[in-house]
Amino acid sequence: MKHLLKLMDLSTAEITEILNLADQLKYEKKNGIKHHILEGKTLGLIFEKSSTRTRVSFEVGMYDLGGSALFLSSRDLQIGRGEPVEDTARVLSRYLDGIMIRTFAQEEVEALANYGSIPIINGLTDYCHPCQVLADLMTIREHKGVIKGNKLCYIGDGNNMTNSLIVGGIKMGMSVAVACPKGYEPDAEIMKWASENGDFLCTDNVLEAAKDADVLYTDVWASMGQEAEAEERKKIFKGYQINSEVMSVAHSDAMVLHCLPAHREEEITAEVFEAHADEIFDEAENRLHAQKAVLVKCIS
Ligand code: CP
Ligand code: NVA
């Protein structure tokens with residue numbers, strides 16, 4: 001695997017291989033088995049948006065694998081002052097062994113991959129969040145035993161998370177139902193692909209989407225970059241929430257996931273969040289293990 005730009009680029013077999021390696025790396029870390037797979041390798045971490053989980057899990061992941069990581073904030077890089085991404089890509093390719101980038105436009109990530117000569121990993125764009133969904137799939141398999149055949153229900157904004165969850169869920173044989181307010185649906189091409197390649201539903205009816213779900217998922221109503229719309233979005237998204245009523249129509253053993261950060265009493269009630277905290281924080285932990293698998297596949 002050269003890059004991780006979006007999940008659409010990966011086959012079902014490649015996703016499964018990443019998840020298998022992630023499980024192995026998790027087991028080995030818990031048992032104190034050390035690795036030197038990325039010894040002498042350096043990963044640059046470019047952040048044009050905030051992060052807790054992505055930054056820390058990539059830094060620790062590189063350290064665990066014997067390599068090192070460089071945190072590069074766009075506030076300090078010349079890219080933040082307008083140096084073209086095409087030039088940044090060619091310069092950084094001379095110093096680094098890989099780049100993880102979190103930014104706004106998916107095109108910027110694709111341009112880094114096209115102009116640079118080193119592996120590029122997408123750490124979130126407005127379009128998708130592939131690293132998060134690899135950790136989500138790992139967590140679903142850990143808790144449910146299998147991924148295939150489970151029904152995944154996403155409630156909320158049709159955003160970067162939704163786009164990646166649809167692609168990852170359908171590729172791994174889940175049935176996927178999304179509930180979003182009208183006008184806030186996921187990417188149209190992804191929805192078309194999902195309808196042609198699996199069992200997919202997009203509705204504005206939360207209870208219809210949640211019916212008989214095995215996994216319920218939500219994310220913030222206003223993503224990074226949408227801060228100015230936050231108050232308006234609170235009105236539009238009211239009711240697009242995982243709460244006890246939604247849980248009552250899902251399967252009784254349904255799990256709840258959230259990529260975090262969470263806004264309690266907006267997209268999820270505090271009660272449901274705390275009842276499923278073990279699953280949600282396993283999911284956050286699995287960012288580390290899933291990304292280490294991606295790093296091994298891309299950089300070693
Ligand atoms: N879920 C996620 O990507 O978290 P951060 O924004 O903290 O990296
Ligand atoms: N949709 C959220 C995900 C954060 C991990 C955002 O883009 O801010």
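Remember, it's 1-based here, ligands and their atoms both numbered in the order they're listed.
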Candidate pair F237 and Y184, rule ring-ring contact (aromatic ring centres under 6.0 Å, His included), full reasoning: CA-CA 9 Å; F237 284 91; Y184 292 85; 5.2 Å; yes

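Using a 3.5 Å distance cut-off with no hydrogens or angles, the side chains of H251 and D214 do pair a donor with an acceptor. Residues Q226 and N159 have side chains that never bring a donor and an acceptor to within less than 3.5 angstrom of each other.
Among all protein heavy atoms, the one lying closest to atom 3 (C) of ligand 2 is D219 OD2, 3.6 Å. Here the heavy atom of the protein found nearest to atom 4 (C) of ligand 2 is L124 CD1, 3.9 Å. In terms of protein heavy-atom proximity, atom 8 (O) of ligand 2 is nearest to M224 N, 2.8 Å. Of the protein's non-hydrogen atoms, N160 ND2, 2.8 Å is the one closest to atom 7 (O) of ligand 2.
Salt-bridge formation is detected for the pair E17/K297: a Lys NZ or Arg NE/NH1/NH2 atom is positioned less than 4.0 Å from an Asp or Glu carboxylate oxygen. Salt bridge K151/D212: absent, no basic N to carboxylate O contact under 4.0 Å. Between K192 and E189, none of the side-chain N atoms (NZ, or NE/NH1/NH2) sits under 4.0 Å from a carboxylate O, so this pair counts as no salt bridge. By the 4.0 Å N-to-carboxylate-O rule, R90 lies close enough to D87 to be salt-bridged with it. For D64 and K34, the salt-bridge test fails: no basic side-chain N is under 4.0 Å from an acidic carboxylate O.
The shortest N/O to N/O separation between H129 and ligand 2 does not fall below 3.5 Å.
Atoms of ligand 2 lying under 4.0 Å from any heavy atom of L260, numbered from 1 in the order shown and given with element: 5 (C).
The residues lining ligand 1, counting any heavy atom closer than 4.0 Å, are S51, T52, R53, T54, R102, H129, Q132, C259, L260, R287.
For R264 and F273, the positive end sits near the middle of the six-membered ring, less than 6.0 Å away and at most 45° from its axis.
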